[in-house]
2 protein chains.
Amino acid sequence: MNYSRQREYIKEYLMSTKEHPTAEVIYQNVREEYPKISLGTVYRNLTLLVELGEVKKISTGDGTEHYDADTSAHSHYYCRCCHRIMDVEITPSVDQILAASSTGLGTVEQASLLFTGVCKDCMDNGK
Amino acid sequence: MNYSRQREYIKEYLMSTKEHPTAEVIYQNVREEYPKISLGTVYRNLTLLVELGEVKKISTGDGTEHYDADTSAHSHYYCRCCHRIMDVEITPSVDQILAASSTGLGTVEQASLLFTGVCKDCMDNGK
DNA sequence: ATTATATAGATAATCATTATTGATTTTGCT
DNA sequence: AGCAAAATCAATAATGATTATCTATATAAT
């Protein structure tokens, strides 16, 4: 695989933010540095980065995928109102992963824990 | 909310299967009983059933949502090859849920644990 | 049974994502 | 440095999943 500054910058941007942006949001931000970049390039490179394991894709069921360059073991809190994702310093336990592995279903490459609810901000603004 | 036999049957079908079908698969199956039903009706009712808490939506990031009428506490194993979902009798621990609640991020309505890998069938068929 | 409202069915529209294509950039070699 | 081959880009078209719209039908209450 060849080097690409666009891909480099996409990852840089992802590492610089605590948000868990969608491809569209990433596109808007990367555009400030590379005004000519196209949305397809963002998608292509996000897919590559995910395959390389440098970025994680977070699926919440809200219709778009979110991305996170923090690959350390942590989980996410998803607000079903504002669709934001926050980090939670909780991880699937070793026991849980071992238990899943020993079911014999197949390899366990990833274990992810997602909490869903309504965040404080949304509750304060009545919802 | 009014009663609807179509909605009733969608739930019946979902309860009758161990698969975790997509809207499209549900549509194909419900069509055998209600040949005139339309895909939009399936989506509309799935959304309603999820809102009622009678059905759960499972997001794997494979491009389509899967549905499950088994609302008991359990987790899922997702094969990234064949895109099938299997049940795993492991649940997020009370400790994990309490810990998530006590972060103060917001309410915790749901905690879901997803294991991803390559299932046995796919490995046997070399992939 | 009549009437009001919710849902169905058909279809069009939208939105996210992927594929295609020709131009440009990067790499590896001399 | 200069050049050919391969990879990536930008632009855009295509696809696929999901949602919205609109008229007809089914449901529920009187």
Side-chain angles (χ1 to χ4, degrees), chain A residues 1-14 19-52 54-68 78 80-85, chain B residues 1-14 19-52 54-68 78 80-85:
Chain A
M1 163 174 307
N2 277 351
Y3 173 84
S4 127
R5 351 176 195 183
Q6 287 90 339
R7 180 160 59 245
E8 183 71 27
Y9 190 79
I10 288 170
K11 191 180 172 192
E12 253 179 52
Y13 166 67
L14 264 178
E19 313 292 322
H20 300 75
T22 61
E24 177 65 31
V25 170
I26 294 165
Y27 172 58
Q28 295 303 341
N29 279 276
V30 172
R31 221 137 72 114
E32 289 174 14
E33 186 75 18
Y34 292 92
K36 309 198 63 172
I37 202 171
S38 79
L39 186 53
T41 299
V42 172
Y43 272 108
R44 180 163 18 81
N45 283 306
L46 283 172
T47 303
L48 282 168
L49 288 167
V50 168
E51 277 168 9
L52 291 170
E54 296 180 27
V55 163
K56 291 218 167 127
K57 186 159 90 162
I58 310 167
S59 299
T60 64
D62 70 351
T64 56
E65 302 295 333
H66 295 250
Y67 296 87
D68 188 357
Y78 168 68
R80 66 171 166 79
C81 273
C82 60
H83 306 294
R84 279 187 306 166
I85 293 174
Chain B
M1 163 174 303
N2 277 353
Y3 172 85
S4 127
R5 356 178 192 182
Q6 286 89 341
R7 180 160 61 244
E8 184 69 28
Y9 190 79
I10 288 170
K11 191 180 171 192
E12 253 179 52
Y13 165 66
L14 264 178
E19 313 292 321
H20 301 76
T22 62
E24 177 64 33
V25 170
I26 294 165
Y27 172 57
Q28 294 304 340
N29 280 276
V30 171
R31 223 138 70 114
E32 290 174 14
E33 187 73 18
Y34 292 91
K36 308 199 64 174
I37 201 170
S38 79
L39 186 53
T41 299
V42 172
Y43 273 107
R44 181 160 15 85
N45 283 305
L46 283 171
T47 302
L48 282 168
L49 289 167
V50 169
E51 277 168 10
L52 291 171
E54 295 180 28
V55 163
K56 290 217 168 128
K57 185 160 91 163
I58 310 167
S59 299
T60 64
D62 70 349
T64 56
E65 302 295 333
H66 295 250
Y67 296 87
D68 188 358
Y78 168 68
R80 64 170 169 79
C81 273
C82 60
H83 306 292
R84 278 187 306 164
I85 293 175

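Fair warning: this is a prediction, and the values are worked out from it, not measured in the lab. Convention: sequence-line order gives letters A, B, ...; per-chain numbering from 1.
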*Asks:* Rounded to whole angstrom units, what separation is found between the CD atom of B:Glu51 and the P atom of D:dT19?
*Replies:*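 Taking CD of B:Glu51 and P of D:dT19, I get 10 Å after rounding.
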*Asks:* Could you give the distance from NZ (A:Lys11) to CG (A:Leu48), rounded to the nearest 0.5 Å?
*Replies:*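 A:Lys11 NZ to A:Leu48 CG: 12.5 Å, rounded to 0.5 Å.
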*Asks:* Report the distance from atom CG of B:Leu14 to atom NE2 of B:His66, rounding to the nearest 0.5 Å.
*Replies:*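 Reported to 0.5 Å precision, the distance equals 12.5 Å.
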*Asks:* I need the A:Asp62 CG to A:Cys82 SG distance, nearest 0.5 Å.
*Replies:*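 Here the interatomic distance stands at 10.5 Å.
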*Asks:* Starting at CZ of A:Arg7 and ending at P of C:dT27, how long is that distance when rounded to a whole Å?
*Replies:*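 Value for this atom pair: 10 Å.
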*Asks:* To the nearest 0.5 angstrom, please state how far the CD1 atom of A:Ile58 sits from the OG atom of B:Ser59.
*Replies:*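 Reported to 0.5 Å precision, the distance equals 12.5 Å.
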*Asks:* Is there a side chain to side chain contact (heavy atoms under 4.5 Å, CB included) between B:Leu52 and B:Met1? Walk through the geometry before answering.
*Replies:* CA-CA 11 Å; B:Leu52 291 171; B:Met1 163 174 303; 4.0 Å; yes
*Asks:* Just one of B:Asn29, B:Leu46, B:Val55 clears the side chain to side chain contact (heavy atoms under 4.5 Å, CB included) bar with B:Ile10, so which one?
*Replies:*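 So, applying the side chain to side chain contact (heavy atoms under 4.5 Å, CB included) to B:Ile10 and each of B:Asn29, B:Leu46, B:Val55, only B:Leu46 qualifies.
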*Asks:* Just the atom pairs and distances: protein N or O near nucleotides 21-23 of chain C's N or O, under 3.5 Å.
*Replies:*
none

*Asks:* For A:Tyr67, which of A:Thr22, A:Val42, A:Val50 qualifies under side chain to side chain contact (heavy atoms under 4.5 Å, CB included)?
*Replies:*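 Only one of A:Thr22, A:Val42, A:Val50 forms a side chain to side chain contact (heavy atoms under 4.5 Å, CB included) with A:Tyr67, namely A:Val50.
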*Asks:* Take the protein atom CG of A:Leu48 and the nucleotide atom P of C:dT18, then report the distance between them rounded to whole Å.
*Replies:*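 Those two atoms, CG and P, are 11 Å apart.
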*Asks:* Any idea how B:His83 and B:Tyr78 line up, ring-wise: parallel (<30°), tilted (30 to 60°), or perpendicular (>60°)?
*Replies:*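 Because their plane-to-plane angle lies in the 30° to 60° range, the rings of B:His83 and B:Tyr78 count as tilted.
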*Asks:* Distance-only check: which donor-acceptor pairs under 3.5 Å involve side-chain atoms of residues 30-39 of chain B, not counting sequence neighbours?
*Replies:*
residue, atom, partner, partner atom, Å
B:Arg31, NH1, B:Tyr27, OH, 3.3
B:Ser38, OG, B:Thr41, OG1, 3.4

*Asks:* May I ask you to say whether A:Glu19 pairs ionically with A:Arg84, meaning some side-chain N is under 4.0 Å from a carboxylate O?
*Replies:*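 Salt bridge between A:Glu19 and A:Arg84, a charged N being under 4.0 Å from a carboxylate O: no.
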*Asks:* Return yes if some donor-acceptor pair links the side-chain N/O of A:Lys57 with the main-chain N/O of B:Gly61 below 3.5 Å, else return no.
*Replies:*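 Here the side-chain-to-backbone pair exists.
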*Asks:* At what angle, to 10 degrees, do the two end axes of the helix from C:dA1-D:dT30 to C:dT30-D:dA1 meet, given five pairs define each axis?
*Replies:*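 For the helix from C:dA1-D:dT30 to C:dT30-D:dA1, the axes at opposite ends meet at about 50°.
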*Asks:* Report, as a single string ordered 5' to 3', how protein heavy atoms within less than 4.0 Å touch nucleotides 23-30 of chain D: B base, S sugar-phosphate only, - not at all.
*Replies:* ---SSS--
*Asks:* Could you go through the side chain to side chain contact (heavy atoms under 4.5 Å, CB included) check for A:Tyr13 and A:Val25 one step at a time?
*Replies:* CA-CA 11 Å; A:Tyr13 166 67; A:Val25 170; 4.1 Å; yes
*Asks:* Among pairs that include at least one residue of residues 1-10 of chain A, which meet side-chain hydrogen bond (donor to acceptor under 3.5 Å, both in side chains), considering only residues two or more places apart or in two chains?
*Replies:*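 The answer is A:Arg7-A:Asn45.
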*Asks:* Could you tell me the separation between the CD atom of A:Glu8 and the P atom of D:dT8, rounded to a whole number of Å?
*Replies:*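 So the two atoms are 14 Å apart, to the nearest Å.
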*Asks:* Between residues 22-46 of chain A and DNA chain D, which residues have a heavy-atom gap below 4.0 Å?
*Replies:*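 Within this stretch, A:Lys36, A:Ile37, A:Ser38, A:Thr41, A:Arg44, A:Asn45 sit under 4.0 Å of the strand.
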